[in-house]
Engineer: 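First, the structure itself, so that you have it in front of you.
Any value given below was found using the heavy atoms of this structure, including those in side chains, with hydrogens, waters and symmetry copies removed.
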Amino acid sequence: MQYISTRGGAPAVSASQAILNGIAPDGGLYVPESWPEISVDWDTLSHQTYTEIATQIFDAFFDDFSVSEIDHIICKAYGRQWDNEKIITLHQENNLHYIELFHGPTLAFKDVALQALPHLLTTAAKKQAISDKVVILTATSGDTGTAAMSGFADVPNTEIVVFYPEVGVSDIQRQQMVSETGKNAHVTAITGNFDDAQKAVKTLLSNQKLVQELADHHMRFSSANSINIGRLVPQIVYYFYSYAQLIRQNDINAGDKINIVVPTGNFGNVLAAYYASQIGLPVNDLVVASNENNVLTDFFNTGVYDSKRPFKVTNAPAMDILVSSNLERLLYFASDRDASEVQSYMTALADEGQYKLSERTRRNLKQFKSCFATQNQVSDTILSVFDQTNYLIDPHTAVGRYAYQLVSDQKTPSLLAATASPYKFPQTILSALGDEPIEGAEALTRLSSKTNTDIPSQVLTLFDKPILHQKVITPNDILKSLKTELFDK
Ligand SMILES: N[C@@H](CCOP(=O)(O)O)C(=O)O
């Protein structure tokens, strides 16, 4: 199977080349040229383990990797670094099933793909006979950077470079990043927001002069963000696995349609659910849940994407994003694979900060419903779910839970992506539960005693670790800073 650019201006490449490149040379994102065939035998799938299902999905999308290469990658990615041997688990609240995606090393759903990506990437480099060092560029609003460093720390022949907004990330996310010990890790705060970091990273990836300079130093770029197809495919797996578990638990019959609710900022996680539906997962509605940066809600409700609005720092900070990268991939499919139409939307977005969908493309988005939660609604949802069901959810999951209540048909069984552990956002949770917000390790202890839940082992000693990365720069200095980090050693 070949991967092509959403903008139609780059050569088709194999899966391993797409993973290595991260982004297509024309600035577009790689998408599969056609949907792969997956044998969706639910009777078999409902008895399979997470890794068995992962193997099938990886085999189908990464078809230039051998069976033994995929087995090796999956074995490395889903091993003892997970605090639950099932990798992901389900928590039921009536007809709603939370997919707990936070049992990995950094307590967020990003681990699912970022424990696999380093192995995908190093295997891809071998396959393509590339000996250059791979520089992994990452923009983060808190979770991706941490998970990327956990995956790539000290992986030979790689450098992992992370830019995060100085204001907005939680105490835990910041401490996870600034205490990273990997010798190949470069962590820098910027005096801007996630969109500034993501725009800079995309510009660097497509800067041909810089790409040549890197080549002169025997280096090349890739990305750990969900612009990389190697980030998206592993996320398809948990939707299949969760559906199979619902059959196994007799909550649904094979073939029954379900709804999927996804809190999202960069549109990667919900796009993975859409991909799952395209290759055989029976899905009715895909519910896109936003925080007060509600650009996606307006987009699905009006057909106009308008990023020209104030950027808000909210209590669900990982979703503080106004330019959702992966929407470009959805536009490609919704426009019936019309790359020139996608290119025109992306040009309008870059030049005018907005675009309006054609009627035909908009009609193809009927599967999507969307709404947003304010910060108060996030807090109220955390409190009411805890009071009524004794289940603690993080602020991003609360955005999804709020959307489920508001726009989802509750008679249909639904999956809700529980994207992070509440222990990544203890201050927000404590204040939602009526406590004075406190900081650092104290907040973890207080949350544990207040809710009678255990502090995850992943963050138990987090604040004992020394701070190793203190650099803060303006977004304009990202190129200069990157060159210093890479070339002036
Ligand atoms: N929410 C993300 C933002 C980056 O999204 P990604 O899906 O491209 O990795 C974060 O926490 O960093």
Engineer: Any side-chain donor-acceptor pair under 3.5 Å between T347 and Y355?
Structural biologist: no

Engineer: Evaluate the criterion side chain to side chain contact (heavy atoms under 4.5 Å, CB included) for residue pair I473 and K480; output intermediate values, then yes/no.
Structural biologist: CA-CA 10 Å; I473 60 170; K480 195 167 101 200; over 6 Å; no

Engineer: For N193, does its backbone N or O pair with a side-chain atom of D196 as donor and acceptor, under 3.5 Å?
Structural biologist: yes

Engineer: Side-chain polar contacts of residues 27-35 - donor-acceptor pairs under 3.5 angstrom, sequence neighbours left out - could you list them?
Structural biologist:
| residue | atom | partner | partner atom | Å |
| --- | --- | --- | --- | --- |
| Y30 | OH | N21 | ND2 | 3.0 |

Engineer: Are the side chains of Y305 and S324 in touch, meaning some heavy atoms are under 4.5 Å apart?
Structural biologist: yes

Engineer: Looking at Q375, is its backbone amide N or carbonyl O close enough to the side chain of E292 to form a donor-acceptor pair, meaning the two atoms are under 3.5 Å apart?
Structural biologist: yes

Engineer: For the pair D143 and K110, find out whether any cationic side-chain nitrogen is under 4.0 Å from an anionic carboxylate oxygen.
Structural biologist: no

Engineer: Can you find a pair of side-chain heavy atoms, one from H186 and one from V162, that are under 4.5 Å apart?
Structural biologist: no

Engineer: Judged by modelled atom types alone, do T138 and N225 share a side-chain donor-acceptor pair under 3.5 Å?
Structural biologist: no

Engineer: How close do I190 and P475 get, heavy atom to heavy atom, and via which atoms?
Structural biologist: CD1-CG, 4.2 Å

Engineer: Give a yes-or-no answer on whether the side chains of N364 and T361 include a donor-acceptor pair shorter than 3.5 Å.
Structural biologist: no

Engineer: Looking at L271, is its backbone amide N or carbonyl O close enough to the side chain of N326 to form a donor-acceptor pair, meaning the two atoms are under 3.5 Å apart?
Structural biologist: no

Engineer: Apply side chain to side chain contact (heavy atoms under 4.5 Å, CB included) to residues L479 and L210 and explain how you reach the verdict.
Structural biologist: CA-CA 9 Å; L479 173 61; L210 181 63; 3.8 Å; yes

Engineer: Counting N and O atoms only, with roles assigned by atom type, does the side chain of Y345 sit under 3.5 Å from a partner on the main chain of E328, one being a donor and the other an acceptor?
Structural biologist: no

Engineer: Given Q176, which partner from the list M149, Q458, K424 fulfils the side chain to side chain contact (heavy atoms under 4.5 Å, CB included) test?
Structural biologist: K424

Engineer: Hey, what's the ring geometry for F267 with F300, parallel, tilted or perpendicular (30° and 60° as the breaks)?
Structural biologist: parallel

Engineer: Would you indicate whether the side-chain heavy atoms of P413 and I252 approach each other to under 4.5 Å?
Structural biologist: yes

Engineer: Side chain of D195, backbone of I321: donor and acceptor closer than 3.5 Å?
Structural biologist: no

Engineer: If we ignore angles and hydrogens, is there a donor and acceptor under 3.5 Å between the side chains of S481 and K471?
Structural biologist: yes

Engineer: Ring-plane angle category for F58 and F62, please: parallel below 30°, perpendicular beyond 60°, tilted otherwise.
Structural biologist: perpendicular

Engineer: With a 4.5 Å limit on heavy-atom distance, are the side chains of I57 and V233 in contact?
Structural biologist: yes

Engineer: Can K356 and D306 be said to form a salt bridge (Lys or Arg N to Asp or Glu O under 4.0 Å), step by step?
Structural biologist: CA-CA 8 Å; K356 183 173 190 290; D306 186 358; over 6 Å; no

Engineer: Can you list the steps and then say if D26 with R7 is a salt bridge (Lys or Arg N to Asp or Glu O under 4.0 Å)?
Structural biologist: CA-CA 7 Å; D26 62 351; R7 300 190 191 176; 5.9 Å; no

Engineer: Between E341 and R360, does at least one N-O distance fall below 4.0 Å, as a salt bridge requires?
Structural biologist: yes

Engineer: Keeping to residues at least two apart or across chains, list the side chain to side chain donor-acceptor pair (under 3.5 Å) pairs with something in residues 92-105.
Structural biologist: D83-H103, T89-E100, T89-H103, E93-Y98, E93-R401, Y98-R401, E100-H103, E100-Y391

Engineer: With distance as the sole criterion, is a donor-acceptor pair present between the side chains of S340 and D338 under 3.5 Å?
Structural biologist: yes

Engineer: Quick one: do the D409 and T412 side chains pair a donor with an acceptor below 3.5 Å?
Structural biologist: yes

Engineer: If we count only N and O atoms by modelled type, under 3.5 Å, do the side chains of S141 and D320 hold a donor and an acceptor together?
Structural biologist: no

Engineer: For V287 and V262, run side chain to side chain contact (heavy atoms under 4.5 Å, CB included): C-alpha distance rounded to whole Å, both residues' side-chain angles, the deciding distance at 0.1 Å, then the answer.
Structural biologist: CA-CA 6 Å; V287 179; V262 188; over 6 Å; no

Engineer: For Q198 and N266, test the side chains for any donor-to-acceptor distance below 3.5 angstrom and give the result as yes or no.
Structural biologist: yes

Engineer: Short question: side chain of N253, backbone of D256 - any donor-acceptor pair under 3.5 Å?
Structural biologist: no

Engineer: Would the distance check show the side chain of W82 and the main-chain N or O of I88 forming a donor-acceptor pair, the cut-off being under 3.5 Å?
Structural biologist: no

Engineer: Starting from the C-alpha separation in whole Å, work towards a yes-or-no answer on ring-ring contact (aromatic ring centres under 6.0 Å, His included) for Y275 and F333.
Structural biologist: CA-CA 10 Å; Y275 274 26; F333 295 105; 5.8 Å; yes

Engineer: Is it the case that the side chain of N301 and the backbone of T297 share a donor-acceptor pair, with hydrogens and angles ignored and the cut-off at 3.5 Å?
Structural biologist: yes

Engineer: Could you walk me through whether R309 and N293 pass the side chain to side chain donor-acceptor pair (under 3.5 Å) test, one step at a time?
Structural biologist: CA-CA 9 Å; R309 60 183 73 202; N293 293 293; over 6 Å; no

Engineer: List the steps and the verdict of side chain to side chain donor-acceptor pair (under 3.5 Å) for N315 and T428.
Structural biologist: CA-CA 7 Å; N315 58 5; T428 301; 5.7 Å; no

Engineer: I'd like to check D285 versus Q367 (side-chain heavy atoms, cut-off strictly below 4.5 Å). Are they in contact?
Structural biologist: no

Engineer: Under 4.0 Å between a side-chain nitrogen and a carboxylate oxygen: does that hold for D435 and R446?
Structural biologist: yes

Engineer: Consider only side-chain N and O atoms of S150 and Q115, and report whether a donor and an acceptor are under 3.5 Å apart.
Structural biologist: yes

Engineer: Measure from the side-chain N and O atoms of S335 to the backbone N and O of Y332, and report whether any donor-acceptor pair falls under 3.5 Å.
Structural biologist: yes

Engineer: For residues P426 and I172, report the shortest heavy-atom separation together with the two atoms involved.
Structural biologist: CD-CG1, 3.6 Å

Engineer: Should I99 and H91 count as side-chain neighbours, where that means a heavy-atom distance under 4.5 Å?
Structural biologist: no

Engineer: Distance only, no hydrogens: is a donor on one side chain within 3.5 Å (strictly under) of an acceptor on the other, for T474 and D477?
Structural biologist: yes

Engineer: Going by distance alone, is a donor N or O of one side chain under 3.5 Å from an acceptor N or O of the other, for N228 and S223?
Structural biologist: no

Engineer: Would F240 and W42 count as a close aromatic pair, with their ring centres under 6.0 Å?
Structural biologist: yes

Engineer: Take F368 and L330 through the side chain to side chain contact (heavy atoms under 4.5 Å, CB included) test and state the conclusion after the steps.
Structural biologist: CA-CA 11 Å; F368 290 85; L330 179 64; 3.8 Å; yes

Engineer: Between T397 and D394, does the side chain to side chain donor-acceptor pair (under 3.5 Å) criterion hold? Intermediate values first, please.
Structural biologist: CA-CA 5 Å; T397 309; D394 96 288; 2.4 Å; yes

Engineer: Pairing donors with acceptors under 3.5 angstrom, does anything connect the side chains of Q377 and T374?
Structural biologist: yes

Engineer: Taking atom types as modelled and ignoring hydrogens, do the side chains of T264 and N269 form a donor-acceptor contact shorter than 3.5 angstrom?
Structural biologist: no

Engineer: Is it the case that the side chain of T146 and the backbone of G142 share a donor-acceptor pair, with hydrogens and angles ignored and the cut-off at 3.5 Å?
Structural biologist: yes

Engineer: In the structure I gave you, are the side-chain heavy atoms of R220 and V135 within less than 4.5 Å of one another anywhere?
Structural biologist: no

Engineer: State, yes or no, whether a side-chain contact exists between P263 and M319 at a heavy-atom distance under 4.5 Å.
Structural biologist: yes

